[in-house]
Amino acid sequence: MNNTYRNAKEQYAKFGVDTEKAIEILDAIPLSMHCWQGDDVGGFETPDAILSGGGIQTTGNYPGKARNPQELRADIEEAIKYIPGKTRLNLHAIYGEFGGKKVDRNEIEYKHFKGWVDWCKANNMGMDFNPTYFSHPKAADGFTLSSPDKGIRDFWIEHGIACRKIAEKIGKELGATVITNFWMPDGMKDFPADRLAPRERMADSLDKIMKVKINKKYDRDAVECKLFGIGSESYVVGSHEFFMGYAVKNQMLLTLDSGHFHPTEQIADKISSCLMFVPELLLHVSRGVRWDSDHVVISDDATKAIMQEVVRCGAIDRVHIGMDFFDASINRIFAWVVGMRAARKCLLAALLDPVKKMREAEDAFDFGSRLTLMEETSNLPLADVWSEYCNRASKPCGIKLIEGIKKYEAKVLSKRA
Ligand code: RNT
Ligand code: ZN
């Protein structure tokens, strides 16, 4: 324990906060790292899926993106050298290993993901899963599970069922629960003449997917809402109200993505309300700049507020935290590392808040003391606690981190055509 940390520990203790306890809790909280930052949401289908039809978009073409599962795994291994704490892998269905063959989305099986499971086992990582309802000819019209065409709906229903079965088997193999997240891009660019029918079809399709019995010990399903996307500005079938209702009705997980609401609306305030009516939540921590742009997460106010709510609701066990950003304009390892570290740093900040004292003041209607506590603790030496935590986890900080990743870039990434 060095002097800087000892000093920080004393300063927090004055507010009744135990930094050791905070570090211990922090280290056990899993964060799910999304595979799709590594190759700009491309995946490994044959022929390559081109990011499209999804109302999502990557921008930038920084060299060195992963071109196959081996490269993606090597890159994730590199990123993890700089990411402290428990990291899970969040995989999309298009990232299966299809052996150069065309395997359509409704035909995928566990065997296509076995390589990932073995790798996760070897790296002591849990796994999460996502059906891929975009970048596919049958999603090109902008509709999948809510399509007016029964053939299209049936195809995507089969995909959803296949994914739940794969996730269940992954969970069984890993001996740990997989969270499977359903996000469908379905929506319209311009004002619809019928907002109801697509929603009825979406609910009906999801019912058919969820009807298939899956062991909840190994797989639990989440539905992700969204306000708008590129090409679905006027109407998204799976809106917040739609999926909040669907999740409450079916007692499944609701996914809140920080980029999926009005640009000035934040998800932090929604967490406590949603937790009252759904069993668990999945978070997609992202950073929208003026729109759902999926910038790399940083320790900004919005992210801090999200983590505060998770901690203050006492909901660490009921809120699964996943990342969802994809910046193709910078070295992708930096993107992962910065985003994952920022999310965890915000969690640490939340765990170091003098919540007990603030609540005592609040219950006594002493809002002046509450505000003062917030402000006076806002610049306590969080960085020193963070460095101590990273040291203990043998993860470099600061300049060393930049140097390390740059070395990998020179040695590995820059050699990729
Ligand atoms: C899109 C959703 C969704 C995707 C990933 C790739 O707006 O946020 O979660 O980003 O599934
Ligand atoms: Zn998301």
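Counting convention: from 1, in listed order, for ligands and their atoms alike.
Listed by chain and number, the protein N, O or S atoms at a distance under 2.8 Å from the Zn ion (ligand 2) are E224 OE2, D257 OD2, H284 ND1, D324 OD2.
Across every non-hydrogen atom of V285 and M307, the tightest pair is CG2-CE, 4.2 Å. The shortest heavy-atom contact between C274 and L281 is CB-CD2, 3.8 Å. Nearest approach of L348 to A22, heavy atoms of both residues: CD1-CB, 4.3 Å.
The only member of T303, I267, L283 that meets side-chain contact (heavy atoms from CB on, under 4.5 Å) when paired with S258 is I267. Each of L256, I321, D257 was compared with H284 under the side-chain contact (heavy atoms from CB on, under 4.5 Å) criterion, and only D257 meets it. The salt bridge (charged side-chain N to carboxylate O under 4.0 Å, His left out) test with E45 is passed by exactly one of R105, K102, K101: R105.
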Between the protein and ligand 1, are there any N or O atom pairs that come within less than 3.5 Å of each other, and if so, what are their names and distances?
residue  : atom   : partner : partner atom : Å
ligand 1 : 7 (O)  : K226    : NZ           : 2.6
ligand 1 : 7 (O)  : H260    : NE2          : 2.9
ligand 1 : 8 (O)  : E224    : OE2          : 3.0
ligand 1 : 8 (O)  : D257    : OD2          : 2.9
ligand 1 : 8 (O)  : H260    : NE2          : 2.9
ligand 1 : 8 (O)  : D324    : OD2          : 2.7
ligand 1 : 9 (O)  : E224    : OE1          : 2.7
ligand 1 : 9 (O)  : E224    : OE2          : 3.2
ligand 1 : 9 (O)  : H284    : ND1          : 3.1
ligand 1 : 9 (O)  : D324    : OD2          : 3.0
ligand 1 : 10 (O) : D324    : OD1          : 3.1
ligand 1 : 10 (O) : D324    : OD2          : 2.7
ligand 1 : 11 (O) : H92     : NE2          : 2.7

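In this structure, R73 pairs ionically with E97, as a charged nitrogen and a carboxylate oxygen lie closer than 4.0 Å.
Applying the 6.0 Å contact sphere to CG of N61 captures no more than 12 heavy atoms from other residues, nucleotides or ligands.
Under the 30°/60° scheme for interplanar angles, the aromatic rings of W183 and F134 are found to be tilted.
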